[in-house]
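Here is the naming used below: chain letters follow the sequence lines, and residue numbers restart at 1 for every chain.
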Amino acid sequence: MNTIARRAYSTARAAIPPTIGSTKAIGSPKDAARMTKVVNFYKGLPNGPAPAARSSGYQARYFDGKNSSMTPVFQTIAAVFVLSYTIDYHFHLKHHKNVAHH
Amino acid sequence: MTTFINTVFINNPLEQFEIKEFFYMGGPLLGAKFSLTNIGLYLIIVTILVLGMSYLSLNNNKVVPSRWSIVQESLFGSILNMIKSTIGGKGEAYLPFLYTIFLYVLLSNLIGLVPYSFTPSSHFVFGIGFSVAILIGVTILGFQTHALKFFGLFVPAGTPLGLVPVLVMIETISYLARALSLGLRLTANMIGGHVLLKIFSTFTWKAVIGGPILLLISIIPFAFIIAFTGLEIAIAFIQAYVFTMLTASYLNDAINLH
């Protein structure tokens, strides 16, 4: 079992109430201890809606969650266009500035 | 004279595929020469785009996907489905390989559709380089999985004994021809599409500068250019998918022996 799975398992165990075989066993010190653990676990959970991730940067602006948009595609096309035009101008087009073709 | 050349002379439509050298490092080391050419540059850009797209659409590992992760997930899902239908359960181990090939070929095809840019997949070194490497890999995999039984691939089931030598020869040739046909299909499609677009746009431009009547008529070829560009985008996707699907079917031959 890898670390993440093991951690998830141990967390889950803290959240599961103890199995009680008979009604008499309720309140036995062992189970009571475990019940406190369970109660504490649920008390410790954050309340209310999850806070929005406050991240900035390119990824947060154009890719994450509801911000995801087509903008990066257009930016890529524009960038490739500018780069390609520069290359083409340097290797080819500048020779045609004054002469049509030679 | 200039006007005459301007109207009559047509640029070579194959000029766009020219390899240009940006810089090179030559050295006394075994006469080796390391150079960056335009195909190299565009392949580097494609690699950055593939990695960047995959990394940026992680959406902070959240379960609910963003639109970008939906794009990635549906690409992933369609490749996975294709593998399941061609190879079966055993083939899922090759999902990363086929997924990478698909994205890489797709973006190599698409980047060439940006005006003034260069299509890496329009060079035989790209297509055939890939397909030869795939065939060698698949053959090694076949021998690793089945040892000498791999040769059973060259004898279809239920062949009369007399026909076996002939069929083995034919099957061997057809097996080896895959190395060429897989890459050739992709490259020829890319070259064809780009040459067509270039020729059409040259003619349209000549019509646009040819006078008021021709300018009016040039709307028709211009509409064709737009339609062909749409077709080229579709072909970029289709060819990338076909390339991946055939790779999967070659893998299937090596893993399941027909």
Side-chain angles (χ1 to χ4, degrees), chain A residues 1-9 11-12 15 45-102, chain B residues 1-12 15-16 18-22 36-42 44-46 48-50 52-72 107 110-120 202 205-206 209 233:
Chain A
M1 212 188 278
N2 65 26
T3 324
I4 295 168
R6 207 183 305 135
R7 222 176 70 192
Y9 179 65
T11 317
L45 290 179
N47 289 322
R54 267 199 217 156
S55 50
S56 55
Y58 192 75
Q59 191 177 11
R61 196 159 167 202
Y62 295 113
F63 284 89
D64 286 348
K66 283 174 185 162
N67 290 339
S68 54
S69 67
M70 282 284 279
T71 321
V73 176
F74 298 127
Q75 283 171 351
T76 310
I77 293 173
V80 171
F81 177 79
V82 170
L83 178 77
S84 309
Y85 188 82
T86 316
I87 292 168
D88 217 33
Y89 186 82
H90 177 71
F91 279 95
H92 189 94
L93 297 175
K94 72 175 171 190
H95 303 298
H96 296 294
K97 227 161 44 175
N98 303 314
V99 193
H101 205 274
H102 61 95
Chain B
M1 188 61 190
T2 318
T3 335
F4 174 74
I5 289 171
N6 227 350
T7 12
V8 174
F9 198 89
I10 292 163
N11 286 349
N12 184 358
E15 209 174 74
Q16 55 177 323
E18 215 174 295
I19 298 256
K20 292 157 196 155
E21 201 167 63
F22 296 154
L36 181 70
T37 54
N38 51 355
I39 187 167
L41 177 73
Y42 281 94
I44 291 169
I45 294 174
V46 168
I48 293 170
L49 287 181
V50 171
M53 196 172 96
S54 306
Y55 173 74
L56 288 171
S57 37
L58 280 175
N59 197 27
N60 296 327
N61 295 326
K62 279 182 187 151
V63 179
V64 180
S66 69
R67 287 185 208 115
W68 274 97
S69 2
I70 290 176
V71 170
Q72 289 276 329
L107 279 171
L110 283 179
I111 203 170
L113 290 167
V114 178
Y116 292 104
S117 81
F118 176 86
T119 327
T202 312
W205 178 240
K206 297 296 169 197
I209 58 172
I233 294 173

Atom group of B/L41 that falls short of 4.5 Å from chain A, counting heavy atoms: side chain
B/I48 side, atom CD1; A/T76 side, atom OG1 - distance, nearest 0.5 Å: 11.0 Å
Smallest separation among heavy atoms of B/R67 and A/K66, with atom names: NH1-O, 4.3 Å
Reported CG-to-OH distance for the pair A/L83 and B/Y42, which is rounded to 0.5 angstrom: 5.0 Å
Which portion of B/L56 sits near chain A, non-hydrogen atoms under 4.5 angstrom: both
4.5 Å side-chain heavy-atom contact, A/V73 and B/M53: no
Which of A/P72, A/A78, A/A79, A/G65 touches chain B most, by non-hydrogen pairs under 4.5 Å: A/G65
Any donor-acceptor N/O pair, B/S66 side chain to A/F63 backbone, under 3.5 Å: yes
Heavy-atom check, side chain of A/I87 versus side chain of B/F22, under 4.5 Å: yes
For A/S69, all residues meeting side-chain hydrogen bond (donor to acceptor under 3.5 Å, both in side chains), sequence neighbours excluded: A/T71
Proximal component of A/Y58, with respect to chain B [non-hydrogen, under 4.5 Å]: side chain
Which atoms of B/Y55 approach chain A - backbone, side chain, both or neither, heavy atom under 4.5 Å: both
Structural part of B/L113 lying under 4.5 Å from a heavy atom of chain A: neither
Heavy-atom contact with chain B under 4.5 Å, split by part of A/Y85: both
Close side-chain approach of A/S84 and B/F118, heavy atoms under 4.5 Å: no
Listed partners of A/Q59 passing side-chain hydrogen bond (donor to acceptor under 3.5 Å, both in side chains), at least two apart: none
